[in-house]
Number of protein chains: 2
Amino acid sequence: MSSLLDQMIEQAKQSTKQTLKQKKIVETAITLFAEKGYSNTSTSEIAKLAEVSEGTIFKHYGTKDNLLLSVILPFIKESLPAMAEEVFKETLTENTLTFDEFLRAFLKNRRDFFTENKEIFKVMIKEVLYKEELRNEILPFLYENISPRLRHAVEFFKERGELTDIPADTMLKNLLTMIGGFFTSRFVFLNKASISDEEIEEMIWFVMNGLKK
Amino acid sequence: MSSLLDQMIEQAKQSTKQTLKQKKIVETAITLFAEKGYSNTSTSEIAKLAEVSEGTIFKHYGTKDNLLLSVILPFIKESLPAMAEEVFKETLTENTLTFDEFLRAFLKNRRDFFTENKEIFKVMIKEVLYKEELRNEILPFLYENISPRLRHAVEFFKERGELTDIPADTMLKNLLTMIGGFFTSRFVFLNKASISDEEIEEMIWFVMNGLKK
DNA sequence: TTAAAAAGTGAGTAATTACTCACTTTTTAA
DNA sequence: TTAAAAAGTGAGTAATTACTCACTTTTTAA
C-alpha cells in the first residue's frame with residue numbers, strides 16, 4: 001500500500017477539471033475545517049453552506065476523509081514546496097546577501113504565502129495535531145522538504161563566516177522551532193489577520209543577536 | 001454569566017472527594033483525549049476503558065463537555081500557575097543570578113512539570129486549537145498569568161545591564177514564541193517522551209547569543 | 001442493625017452522522 | 001438533434017453518539 005500522499009497525488013492528477021460545485025465544496029470545507037476543525041464539521045453543514053446536495057460531496061470525494069485530503073494535500077505537496085523552492089533559489093545566490101537578508105526574504109515570502117493561504121494553513125496545523133495518521137505522514141514530509149534547504153542556507157553562511165560555530169544541526173533545530181512557533185502562534189493560536197514587517201524585523205533581530213548584551 | 005473558568009473552579013471546590021471510579025474516569029479521559037482528541041473520543045469508549053458504566057460518567061460530570069473541563073481546568077487554573085509562581089520566587093532573587101541562569105531554572109522547571117503532566121498538556125494544546133470558546137478563555141488566562149512574571153524578570157535583568165536595549169515587550173514576545181514553540185513542538189507535535197538538558201542548553205544559547213558571529 | 005443517601009448500572013432514546021442509491025437534470029459528443 | 005455520459009439530488013439507512021432514567025448495589029450515619 002503506497003502512502004496517503006502518493007495516493008492523493010495520483011488522484012489529483014486524474015481529476016484536473018473541477019466543476020463549479022466541486023470548487024464550492026472545497027472552498028466551503030476549507031472555511032469550516034479551519035474554523036471548527038474537521039471532526040466538528042459535518043458533511044451536511046458543508047453541503048448546506050456550499051448550496052449543493054450532500055450526495056454531491058460523496059459523488060466527487062467518496063468519503064469525508066478524502067475530502068479533507070483533497071483540501072490539504074495539494075497545498076502540502078505542491079504549493080508549499082514549490083514556493084519554498086522558489087524563494088531559496090532567489091535568495092541563495094553568490095551576490096551580496098547576508099544571512100539576515102536571506103532570513104528576511106524567506107520569512108516575508110512565507111508570511112505572504114501563509115497570509116494568502118491562511119485557512120488551509122489552519123486546517124493543516126489543526127489536523128496534524130488531531131489526526132495521528134496525518135501527523136505521521138505530513139510532519140516527516142514537511143521536515144524533509146524544508147530542512148535540507150534551510151540547512152544548506154545555514155551552511156552557506158557559516159562558510160562565509162557570518163554565523164557562530166555551533167553545529168548547523170543545532171542552529172537548524174532552534175531556527176525551525178522559532179519559525180514554526182512564529183507562524184503557528186500568530187496565524188493559528190492568535191488568529192491574527194496578518195504579520196507586520198516590523199514584527200518580522202524584531203524576530204530577525206532576536207534570532208541573529210539574541211538577548212545578551 | 002460568569003466565565004467558564006470561574007464556574008468550574010466553583011464546581012471543583014464543591015467536589016473535593018472523588019470516588020475511585022471518578023478517578024478512573026478522569027485518568028482514562030486524559031489518556032484518550034490526549035491521544036485522539038476530545039471530539040474523536042466517545043463517552044462509551046471512556047466508560048469501557050475505565051471499566052465503569054457509561055451512566056456513571058454522566059452521573060458525576062453531567063455532560064461530556066464538563067468532563068473535559070474537569071480534566072483540564074484544575075491543571076490550567078491551579079497547578080500550572082502555582083508551580084510557575086514557585087519557580088519565579090526561587091529564581092528571581094538579588095543574589096548571584098544571571099538571566100541565562102534564570103532562564104535555565106525556569107525552562108528546566110517547566111520541562112519537568114510538562115514531562116510529568118504530558119497528557120494534560122497535550123489535551124490542553126489540542127483543545128485550545130480545536131475549540132474556539134476554550135481558546136478564547138484559556139489563552140488570555142495563560143498570557144496574563146505568565147507574561148507579567150516573565151516581563152518582570154526581563155526588566156529585572158535589563159536594569160542590571162545584562163540584556164540588550166530592545167524594548168522589554170519585544171523581548172517578551174519573542175521569548176514567549178520561542179518557549180511556546182519549544183514545548184509544543186517537542187511534546188505535542190513530535191510526541192517526544194522528554195527533553196534533555198542538552199537541548200535546553202542549546203536553546204538557551206540560541207536565545208542569549210543569536211546566530212550572528 | 002437498618003434506613004437513607006450515594007454511587008453505580010445498562011437498556012433504551014432521540015438526535016446526529018457519513019454515506020447510499022434510484023432517480024432527475026445537465027452536459028457532451030457524435 | 002439526440003443518445004450517452006456526467007453531474008447532481010434528496011430521501012432514506014445503518015451506525016454512532018451523548019445522554020436519560022428506572023432500578024440495583026454500596027456506603028453512610030444514626
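Chain naming here is simple, since letters A, B, ... match the order of the sequence lines and numbering starts at 1 in each.
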Respond yes when some side-chain nitrogen or oxygen of [X] is under 4.0 Å from OP1 or OP2 of [N], and no when none is.
X       : N      : result
A:Thr43 : C:dA18 : yes
A:Thr19 : D:dG8  : yes
B:Lys21 : C:dG8  : no
A:His60 : D:dA6  : no

Among C:dT9, C:dA7, D:dC19, find the nucleotide with the atom closest to the side chain of B:Lys59.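 Per side-chain heavy atoms of B:Lys59, the pick is C:dA7.
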
Looking at the side chain of B:Val52, which of C:dA18, C:dT9, D:dT9 is the nearest nucleotide?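 Side chain of B:Val52 sits closest to C:dT9.
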
Taking any heavy-atom pair under 4.0 Å as a contact, classify B:Thr41: base, sugar-phosphate, or nothing.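 Sugar-phosphate contact only.
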
Using a cut-off of 4.0 Å on non-hydrogen atoms, how would the nucleic acid contact of A:Thr56 be classed: base, sugar-phosphate, or nothing?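 Base contact - A:Thr56 has a heavy atom under 4.0 Å of at least one base atom.
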
Measure [atom1]/[X] against [atom2]/[N] and give the value in whole Å, please.
X       : N      : atom1 : atom2 : answer
A:Glu54 : C:dT16 : CD    : P     : 13 Å
B:Leu68 : D:dC19 : CG    : P     : 12 Å
A:Ile57 : D:dA11 : CD1   : P     : 16 Å
A:Lys23 : D:dG8  : NZ    : P     : 12 Å
B:Asn40 : D:dA18 : CG    : C1'   : 15 Å
B:Phe58 : D:dC19 : CZ    : P     : 5 Å
B:Leu20 : C:dA7  : CG    : C1'   : 12 Å
A:Tyr61 : D:dG8  : OH    : C1'   : 13 Å

Please verify the inter-ring angle class for B:Tyr130 with A:Tyr130; under 30° counts as parallel, over 60° as perpendicular, anything in between as tilted.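 Judged by the thresholds at 30° and 60°, the geometry between B:Tyr130 and A:Tyr130 is parallel.
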
For the atom pair CD1 (B:Ile25) and CD (B:Gln18), what is the distance rounded to the nearest 0.5 Å?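 Here the interatomic distance stands at 9.5 Å.
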
Quick one: pull up CD in A:Glu54 and CD1 in A:Ile57 and give me the separation to the nearest 0.5 Å.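 One gets 6.0 Å once the value is rounded to the nearest 0.5 Å.
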
Does A:Ser53 make a side-chain donor-acceptor contact with the base of D:dG8, cut-off 3.5 Å?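 No, the side chain and the base share no sub-3.5 Å donor-acceptor pair.
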
Measure the shortest side-chain to side-chain distance between B:Thr170 and A:Phe206 over non-hydrogen atoms and say whether it is less than 4.5 angstrom.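 With C-beta onward as the side chain, the pair stays apart.
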
Are the side chains of A:Glu132 and A:Arg135 in touch, meaning some heavy atoms are under 4.5 Å apart?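 A:Glu132 vs A:Arg135: side chains touch.
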
Flag this pair as yes if the NZ/CZ of B:Lys126 is under 6.0 angstrom from the six-membered ring centre of B:Tyr38 and inside a 45 degree cone about the axis; otherwise no.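 Not flagged: B:Lys126 not positioned over aromatic ring of B:Tyr38.
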
Dot-bracket encoding per residue of DNA chain D, Watson-Crick/G-U cut-off under 3.5 Å, | denoting interstrand: ||||||||||||||||||||||||||||||

Among A:Phe121, A:Phe183, A:Phe75, find the residue that satisfies the ring pair (Phe, Tyr, Trp, His ring centres under 6.0 Å) test when tested with A:Phe113.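 That would be A:Phe75; it is the only one of A:Phe121, A:Phe183, A:Phe75 passing the ring pair (Phe, Tyr, Trp, His ring centres under 6.0 Å) with A:Phe113.
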
